[in-house]
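So you know, we letter chains A, B, ... as the sequences are listed, proteins then strands, and number each from 1. What you see below is based on every heavy atom in this structure, not just the backbone, and it leaves out hydrogens, waters and symmetry mates.
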There are 2 protein chains.
Amino acid sequence: MEEGEESRCENCIVRQFNYLRAMSKAELKKVSDSKVTKKVKKGESLFEEGDKLDGVFCVRDGVSKLSKLSANGKDQIVKLASKGEVIGQRSVIAEESTNLSAVAVSDMEVCFIPKDSIVHTLNQNPNFAVEVLRHMAHDLKEADDVIVNMSQKTVKQRIAEAFLYLKSNYGEDEKGFLNLALSREDIANVVGTATESAIRIISEFKKKGMIKTSGKKIGVVDEKLLQDLIEGF
Amino acid sequence: MEEGEESRCENCIVRQFNYLRAMSKAELKKVSDSKVTKKVKKGESLFEEGDKLDGVFCVRDGVSKLSKLSANGKDQIVKLASKGEVIGQRSVIAEESTNLSAVAVSDMEVCFIPKDSIVHTLNQNPNFAVEVLRHMAHDLKEADDVIVNMSQKTVKQRIAEAFLYLKSNYGEDEKGFLNLALSREDIANVVGTATESAIRIISEFKKKGMIKTSGKKIGVVDEKLLQDLIEGF
DNA sequence: TCGAAAAGATGACAATTATCATATATATAT
DNA sequence: ATATATATATGATAATTGTCATCTTTTCGA
């Protein structure tokens with residue numbers, strides 16, 4: 001009996017958004033045959049900092065935070081990865097243990113792809129290698145931007161940016177609340193501040209009518225006010 | 001008349017340290033024939049943020065700072081590149097204008113390599129592509145580390161780290177002063193703080209016997225004290 | 001559905017860092 | 001060699017951010 005259509009990488013829509021589209025039919029078939037689909041519950045981890053990865057994870061659904069523990073015991077979230085993104089390639093390519101932990105911030109469905117097929121294709125298909133390279137170049141640019149934000153913007157500005165980022169990347173529901181509801185602690189860890197500071201600033205934004213909250217849900221009310229704050233007014 | 005031996009990429013020692021070593025003889029010959037060697041004086045720029053790069057720069061001698069201007073007018077130094085490093089590949093590979101400026105912090109000698117030969121080799125030689133990929137994976141990891149440092153360490157800790165970094169990467173002269181003498185402003189821009197704050201902390205370190213200064217030159221005196229401070233004592 | 005545990009909120013205070021003013025030293029060009 | 005610009009240094013003060021304590025609300029498992 002053949003596997004269902006949608007569970008084959010060849011037919012996976014998610015692939016449209018990542019570098020796996022640069023694989024040939026045959027290569028993709030190999031990937032599909034070796035991949036394992038798993039469900040990961042919110043709060044569970046895909047891997048921990050320091051793990052040696054035997055493959056990469058392709059996100060079919062849900063969102064994962066990629067974070068690194070600092071010496072003082074706080075987690076710094078370096079990136080959020082969602083549908084269509086591939087996690088773990090840096091480690092697999094550099095043949096090093098991961099520098100980041102990956103934890104689901106919403107229920108996820110991911111495909112684990114053993115590294116053999118990735119590495120093999122990298123060495124055989126220059127097209128694929130260049131595509132992965134482009135992707136990593138993009139990640140690097142984003143990381144540079146984060147560095148500049150971290151050091152040159154205030155916590156308030158970074159939190160305001162985070163909300164606009166969440167809105168434009170994950171959208172909002174019918175009631176105008178962000179689809180991706182991060183905890184206050186996660187928000188603090190994204191912008192690199194203390195949880196209490198993040199909470200205080202969120203309260204302030206709410207008072208000023210920039211955002212609204214309902215439990216842990218947060219909605220952007222006045223995008224322009226947030227934008228002005230980011231630009232320094 | 002043939003060109004002198006040492007000016008040929010094939011014989012360039014610098015290449016030993018970067019991904020150009022993954023090129024074949026023929027590819028390297030092509031690079032060598034198309035490259036242009038230039039001298040860049042301290043303070044001059046190789047390129048500015050937003051420029052479209054037609055190639056990459058291979059550093060033969062000297063050091064360049066790679067920085068990004070923030071909205072508030074300050075420069076954030078994201079990376080220092082020295083002998084053997086290649087600058088500009090991110091932009092060339094992603095086919096985007098650069099996100100960073102490159103300015104010489106000491107007199108430099110660089111080779112400009114037009115992008116055609118790089119791009120051509122990327123598409124033909126998977127070995128080369130993978131090597132470049134590995135290199136970029138490494139840069140990405142370093143960028144992640146910088147993000148965590150920026151958000152989780154104090155300015156003092158970051159300055160202490162900077163000195164240890166400069167010592168281990170560029171060494172010191174007979175008198176124990178760092179070979180790479182960055183201005184106070186550059187140091188501030190590396191760690192992401194105000195110039196006055198950096199100066200104040202440098203004075204404090206000097207008083208405590210952790211470092212010594214002589215004009216703009218700085219020397220590490222007590223590595224352990226610096227290390228302790230970094231680790232939070 | 002009840003109760004414990006976790007998350008969110010807020011006050012009080014301390015520590016860190018930025019800003020502005022100004023002084024001194026150093027480098028650079030004529 | 002001297003004037004001028006630039007870099008370094010330091011004080012005073014304000015603004016930002018972190019820490020600790022405490023309280024309330026929400027979440028979630030037994």
Side-chain angles (χ1 to χ4, degrees), chain A residues 41-44 70-76 103 105-107 149-160 162 177-178 181-208 211-219 229-230 232-233, chain B residues 41-44 70-76 103 105-107 149-160 177 181-208 211-219 229-230 232-233:
Chain A
K41 287 244 175 64
K42 177 176 170 176
E44 288 178 357
S70 72
N72 62 38
K74 278 191 190 161
D75 237 22
Q76 174 65 38
V103 174
V105 292
S106 64
D107 289 349
N149 274 344
M150 283 294 175
S151 59
Q152 309 282 11
K153 292 198 171 146
T154 64
V155 174
K156 255 180 221 178
Q157 291 174 315
R158 277 155 27 216
I159 290 184
F177 290 103
L178 295 171
L182 293 177
S183 70
R184 304 295 196 259
E185 188 180 3
D186 279 343
I187 293 172
N189 291 345
V190 165
V191 304
T193 191
T195 306
E196 297 96 320
S197 296
I199 289 174
R200 238 181 272 278
I201 289 169
I202 290 169
S203 297
E204 190 192 323
F205 283 3
K206 190 179 173 182
K207 262 184 210 132
K208 290 187 176 160
I211 61 172
K212 60 183 175 182
T213 68
S214 165
K216 76 180 302 187
K217 282 193 140 325
I218 290 176
L229 193 153
I230 293 169
F233 301 113
Chain B
K41 286 244 177 64
K42 177 175 170 175
E44 287 178 359
S70 72
N72 62 37
K74 278 191 189 162
D75 236 24
Q76 174 65 38
V103 174
V105 292
S106 63
D107 290 349
N149 274 343
M150 283 295 175
S151 59
Q152 308 283 9
K153 291 196 171 148
T154 65
V155 174
K156 255 181 223 180
Q157 290 175 315
R158 274 148 39 209
I159 290 184
F177 289 103
L182 293 177
S183 70
R184 305 292 196 261
E185 189 180 2
D186 279 343
I187 293 172
N189 291 346
V190 166
V191 304
T193 191
T195 305
E196 298 97 319
S197 296
I199 289 173
R200 239 179 270 278
I201 289 168
I202 290 169
S203 298
E204 190 191 324
F205 283 2
K206 190 179 172 182
K207 264 185 208 132
K208 290 187 176 161
I211 61 172
K212 60 183 175 183
T213 68
S214 164
K216 75 180 302 188
K217 281 192 141 325
I218 290 176
L229 192 153
I230 293 169
F233 300 113

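The distance between atom CD1 of B:I201 and atom P of C:dA15, rounded to the nearest whole Å, is 16 Å. What separates NZ of A:K212 from C1' of C:dG8 is a distance of 20 Å, to the nearest Å. The CD-P distance, from B:Q152 to C:dT17, rounds to 13 Å in whole Å. Across the protein-nucleic acid pair, B:I159 atom CD1 and C:dT16 atom P stand 14 Å apart, rounded to whole Å. Remark: C1' of C:dA7 and CD1 of A:I218 are 13 Å apart, rounded to the nearest angstrom. Straight-line distance from the CD atom of B:Q157 to the P atom of D:dT17: 18 Å, rounded to whole Å. Straight-line distance from the CD atom of B:E204 to the C1' atom of C:dT17: 13 Å, rounded to whole Å.
Not counting sequence neighbours, the partners of B:S106 by the side chain to side chain contact (heavy atoms under 4.5 Å, CB included) test are B:V63. Applying the side chain to side chain contact (heavy atoms under 4.5 Å, CB included) rule to B:Q157 yields the partners B:K153, B:T154, B:L229; only residues at least two apart in sequence or on another chain are considered. With sequence neighbours excluded, no residue forms a side chain to side chain contact (heavy atoms under 4.5 Å, CB included) with A:K207. Not counting sequence neighbours, the partners of A:S70 by the side chain to side chain contact (heavy atoms under 4.5 Å, CB included) test are A:N72, A:K74, B:V148, B:Q152. Remark: B:K208 engages B:E204 in a salt bridge (Lys or Arg N to Asp or Glu O under 4.0 Å) (not counting sequence neighbours). The side-chain hydrogen bond (donor to acceptor under 3.5 Å, both in side chains) test applied to A:T213 returns A:K206, not counting sequence neighbours.
In terms of heavy atoms, B:F205 sits closest to B:K156 at CZ-O, 3.6 Å.
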Reading nucleotides 5-15 of chain D 5' to 3', which nucleotides get B (base under 4.0 Å from a protein heavy atom), which S (sugar-phosphate only), which -? ---SBBBB---
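Both key distances under 3.5 Å define a Watson-Crick or G-U pair, and stretches of 3 or more such consecutive pairs in DNA chain C run C:1-30 with D:1-30.
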Side-chain donor-acceptor pairs of residues 189-202 of chain B under 3.5 Å, sequence neighbours excluded:
none

